[in-house]
There are 2 protein chains.
Amino acid sequence: MRQQDVFKAMADPTRRAILKRLQDGPLTAGEIGAVFDITAASLSHHFAVLKRADLVRTERRGQYIVYSLNSTVLEDLARLLIDLFPSRERAGGKS
Amino acid sequence: MRQQDVFKAMADPTRRAILKRLQDGPLTAGEIGAVFDITAASLSHHFAVLKRADLVRTERRGQYIVYSLNSTVLEDLARLLIDLFPSRERAGGKS
DNA sequence: TAGATGATTAGATAAATTTCTAAATATTGC
DNA sequence: GCAATATTTAGAAATTTATCTAATCATCTA
């Protein structure tokens, strides 16, 4: 996981909304974009950022491109945050 | 938690490094900055961003200002990410 | 009170980001 | 092959961000 790419990707509200839309299953680019007041080109840029962070996977299906959530990266990110918690100095070194 | 502020704050590598430095306990601005190749002014900007996100708390101690980690926001953020996991459609609606 | 030290604020600049329009690419179906 | 549809790429404009220097504010100590 390229930490920087993932945090950068998560820093934009539109991209977080895209991920949320993908929670319930894969969607085509058009289906995702339908609810955003933004051009398809801008959407496509956001998809590229999410792909670079490996937060989404793509699969072409005929004319369409289907996006799906890659939750393992979300999991890694959550773990990383938890690892930032203050280490209560118990014997055995920093947890 | 202002989601946007928190994600924005986490998107910068210097700020993440600052948080990491605070894992083992509070530090003054100067102590934190000592390991970064950056001016005190720039550091101060980063502190402001972290404070706005409520990721750090400050306390003046004489000449110094002591920064400490506010882990509850990290916890909230981790939970938020976990809640983005695909909802395996079990009876009872989305988890 | 002055000088020194720690830290923030103000203002400027360079780089990155978001968004747009227009053009290009991929695929379907006639 | 051509037109229509779905999506991405290219290039430009506006905004935001990270950084710097210089100036200011707060506190300590002599």
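Note: hydrogens, waters and symmetry copies are ignored here, and every other heavy atom, side chains too, is used. Proteins come first, then strands; the chains are lettered A, B, ... in the order of their sequence lines, and each starts at number 1. These figures come from a predicted structure and were not determined experimentally.
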ask   = Centroid-to-centroid, A:Phe47 to A:Tyr67, below 6.0 Å?
value = yes
ask   = Taking OP1 and OP2 of C:dT19, is either one under 4.0 Å from a side-chain nitrogen or oxygen of A:Thr39?
value = no
query = To the nearest Å, how far apart are A:Asp37 CG and C:dC20 C1'?
reply = 13 Å
Cluster check A:Ile38, A:Val56: I/L/V/M/F/W/Y, side chain < 4.5 angstrom = yes
key: A:Leu43 with A:Ile65, same ILVMFWY side-chain cluster at under 4.5 Å   = yes
key: 5′-ward residue of the pair A:Arg61/A:Ile38 relative to DNA chain C   = A:Ile38
task = Report yes or no: do B:Val35 and B:Leu50 belong to one cluster of Ile/Leu/Val/Met/Phe/Trp/Tyr joined by side chain heavy-atom distances under 4.5 Å?
result = yes
request  = Calculate the interatomic distance between A:His46 atom NE2 and C:dT18 atom C1'; express it in whole Å.
outcome  = 6 Å
ask   = Any N or O donor-acceptor pair linking the side chain of A:Gln63 to the base of D:dT5 at under 3.5 Å?
value = yes
request  = Please report, rounded to the nearest Å, how far the P atom of C:dT18 is from the CD1 atom of A:Ile18.
outcome  = 11 Å
ask   = Would you find a donor on one side and an acceptor on the other, under 3.5 Å apart, between the side chain of B:Arg16 and the backbone of A:Gln3?
value = no
Exam field: side chain B:Arg57 to backbone B:Asn70, donor-acceptor pair closer than 3.5 Å = no
note = Whole-Å distance, A:Phe36 CZ to C:dT18 P, equals 14 Å
request  = Provide, to the nearest angstrom, the distance between the CD1 atom belonging to A:Ile32 and the P atom belonging to D:dA6.
outcome  = 14 Å
inquiry  = Does this structure show an ion pair linking A:Asp24 with A:Arg21, if we count only N-O contacts that are shorter than 4.0 Å?
reply    = no
inquiry  = Does anything in residues 3-17 of chain A come within less than 4.0 Å of DNA chain D? Heavy atoms only, and list the residues if so.
reply    = none
Could you pull out the protein-nucleic contacts involving nucleotides 8-10 of chain D (nitrogen or oxygen on both sides, under 3.5 Å)?
| residue | atom | partner | partner atom | Å |
| --- | --- | --- | --- | --- |
| D:dT8 | OP1 | A:Tyr67 | OH | 2.4 |
| D:dT8 | OP2 | A:Ser44 | OG | 2.9 |
| D:dT8 | O5' | A:Ser44 | OG | 3.1 |

message = Is there a path of hydrophobic side-chain contacts, each under 4.5 Å between heavy atoms of I/L/V/M/F/W/Y residues, joining A:Leu80 to A:Leu55?
response = yes
request  = Let me know the distance between CD of A:Glu31 and C1' of D:dT5, rounded to the nearest Å.
outcome  = 14 Å
query = Same hydrophobic cluster for A:Leu74 and A:Ile18, using side-chain heavy-atom links shorter than 4.5 Å among ILVMFWY?
reply = yes
